[in-house]
Number of protein chains: 2
Amino acid sequence: MSPTATDPSSPERAGAAAGLTERQNEILEFIRQSLRESGYPPTRDDIAIRFGFRSKNAAQDHLKALARHGCIEIIPGDARGIRLLRDADEALSHQFELPLIGRIAAGSPVTAAANIDTWLRIDPELFHPRADFLHRVAGHSMKEANILDGDLVGIHAQADADNGQIVAAVLPHPKTGDDEITLKRYFRRGRKVILQPENSAPAYRPIEIDLAAGGEGSQEQAPFRIAGIYAGLIRSGG
Amino acid sequence: MSPTATDPSSPERAGAAAGLTERQNEILEFIRQSLRESGYPPTRDDIAIRFGFRSKNAAQDHLKALARHGCIEIIPGDARGIRLLRDADEALSHQFELPLIGRIAAGSPVTAAANIDTWLRIDPELFHPRADFLHRVAGHSMKEANILDGDLVGIHAQADADNGQIVAAVLPHPKTGDDEITLKRYFRRGRKVILQPENSAPAYRPIEIDLAAGGEGSQEQAPFRIAGIYAGLIRSGG
DNA sequence: AGGGATACTGTACAAAAAAGCAGCCCTGTA
DNA sequence: TACAGGGCTGCTTTTTTGTACAGTATCCCT
């Protein structure tokens, strides 16, 4: 058991907390499992038995390390006094939550952690197709599709769309240059993409993009990309 | 402390498990609270301190009683070895869920267990005011308020409403006589209540109710009541 | 080479917690 | 009136747990 790789710089598994060793992640995962299955945290002994430690102090050391990293909190003197902290709890708690995406840091994937404003407790499966993130609508350009200013729209992440679907398009803002999410109806005719608002007021004009000019699939800065397709919305207040 | 009423036949509080005494329900609620706030169950001592028992055996006795009633499971020998069983666990798991209410059994409160079709994972706090239940909209009568057929509306339970608010009204269906939930804009002028659809098509007529005729506050079957006010909606699919 | 972290073994002790026994006071019921 | 059950006090005993201290070994970085 001793020759286990313990290189702190080894790549972490997906879903594992950052900055932890493999062993520490295993311990953390065991705590989660214990909470799920028995409803209360493990003792030092439970951990030692599970991992084959001959001394429960090995478990204690690991718990201290996890506490130092801010993954758990140890309540001194309490039997099973282990509390999962926010970050460590994420994998568990985000099961029925959706990230709210606002501005997009230039060049980053839409759902990158840096772009997440907050998490909201909505089951992704309530949307069709399943939503991967939410975006707050600004403006009235989709009014006639019954999508209003302030609505939270559920977006199913995918890179392309069928003609006529409502998409969340990522476009650089004409003034700031920052990437922004816009909801529009998508049409493609040959090399041209048309992003069509659903508001017949004259102020709302379709956006036309010529893919030939360094567009889709090009290595240059793409003038636009599809973050996903509209999958539903949630509206708050009367 | 001893002269506390302990009549096992006393009426149970709303949300409390059936067949339990008041004291037992308090203990159960404390266990839930402990799980929510600290993340692990209480010890016998925790319970004794909370309720002012001089002997932790009082707590032990209560736990045994709860176990006998199938509300909890005691894992022998384990510190904090208390597990909430399914029924008892509901209050906890529904923390971020909302019941979907369809048909209303005649005369029953809207959110009675019998009227709940299913639970959906949406944080009630996402609506304003906070939603207490959801209802699926049938028909297009509120189309011009941007509430469409098939939308799930969040309803904040309250018995009255201001003029002009959108309410979930409970009305007997003209044919079946079953109570049904309808979304309409509410107006009251003296003794008359007007439930106004938001659809200018001629097929949609306002409903007028004369409260003088055995209506609101009367002992006879009320012709209508307000289940709550509209607090937002969730729409699925493009 | 040395300091520091991770990852353990082993021992010891005190506090925390479970669990049993005996008994008291009520109240509703047979 | 006897009896059962809920609701408690008090006390004892035995586990279960947390936690500190002393070491060993490996690996990384300076």
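These values consider heavy atoms only, across backbone and side chains, with no hydrogens, waters or symmetry-generated copies. Please read these numbers as outputs of a predicted model, since none were measured by experiment. Per chain, numbering begins at 1; letters A, B, ... match sequence-line order.
Distance CD (A:Gln24) to C1' (C:dC8): 13 Å, rounded to an integer number of Å. As rounded to whole Å, 11 Å separates atom P of D:dG7 from atom CG of B:Asn25. Taking atom CZ on B:Phe51 and atom P on D:dC8, their separation rounds to 9 Å, with Å as the unit. Spacing between atom CZ of A:Phe53 and atom P of C:dA7 amounts to 9 Å, rounded to whole angstrom units. Taking atom CD of residue B:Glu22 and atom C1' of nucleotide C:dT27, one finds them 16 Å apart after rounding to whole Å. In this structure, CD1 of A:Ile47 is placed 14 Å from C1' of C:dA7, rounded to the nearest angstrom.
In this structure A:Thr182 satisfies the side-chain contact (heavy atoms from CB on, under 4.5 Å) test together with A:Leu171, A:Lys184, sequence neighbours excluded. When the side chain to side chain donor-acceptor pair (under 3.5 Å) test is applied to A:Arg130, the partners found at least two apart in sequence or on another chain are A:Asp132. A:Arg235 pairs by the side chain to side chain donor-acceptor pair (under 3.5 Å) definition with A:Asp151, not counting sequence neighbours. For B:Arg136, the side chain to side chain donor-acceptor pair (under 3.5 Å) criterion is met by no residue, not counting sequence neighbours. Residues that satisfy the side chain to side chain donor-acceptor pair (under 3.5 Å) test with A:Ser38, not counting sequence neighbours, are absent from this structure.
Close to D:dG10, at under 4.0 Å from its OP1 or OP2, lies a side-chain N or O of B:Arg54. Side-chain nitrogen and oxygen atoms of B:Arg23 include none within less than 4.0 Å of the OP1 or OP2 phosphate oxygen of D:dG7. Residue B:His62 has no polar side-chain atom (N or O) positioned under 4.0 Å from OP1 or OP2 of D:dG6.
Within the structure, the salt bridge (Lys or Arg N to Asp or Glu O under 4.0 Å) test picks out the following pairs touching residues 99-118 of chain B (sequence neighbours left out): B:Arg103-B:Glu180.
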Donor-acceptor list for residues 39-55 of chain A side chains, cut-off 3.5 Å, not counting sequence neighbours:
unit_1  : atom_1 : unit_2  : atom_2 : d
A:Tyr40 : OH     : B:Asp78 : OD2    : 3.1
A:Thr43 : OG1    : A:Asp45 : N      : 3.3
A:Thr43 : OG1    : A:Asp46 : N      : 3.0
A:Thr43 : OG1    : A:Asp46 : OD1    : 3.4
A:Thr43 : OG1    : A:Asp46 : OD2    : 3.4
A:Arg44 : NE     : A:Gln60 : OE1    : 2.9
A:Arg44 : NH2    : A:Gln60 : OE1    : 3.3
A:Asp46 : OD2    : A:Thr43 : N      : 3.0
A:Asp46 : OD2    : A:Arg80 : NH1    : 3.3
A:Ser55 : OG     : A:Asn57 : N      : 3.0

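Comparing the local axis fitted to the first five base pairs of the helix from C:dA1-D:dT30 to C:dA30-D:dT1 with the one fitted to its last five gives a bend of 30°, rounded to 10°.
A salt bridge links B:Arg36 with B:Glu29: the distance from a Lys NZ or Arg NE/NH1/NH2 to an Asp or Glu carboxylate oxygen falls below 4.0 Å.
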Given the rule in the side-chain contact (heavy atoms from CB on, under 4.5 Å) test, do B:Leu28 and B:His62 qualify, once you have shown the distances and angles that lead to the verdict?
-> CA-CA 9 Å; B:Leu28 191 54; B:His62 277 122; over 6 Å; no
Could you run through nucleotides 13-23 of chain D and give me one letter per nucleotide, 5' to 3': B if any protein heavy atom sits under 4.0 Å from the base, S if only the sugar-phosphate is that close, - if neither?
-> ---SBBBSBB-
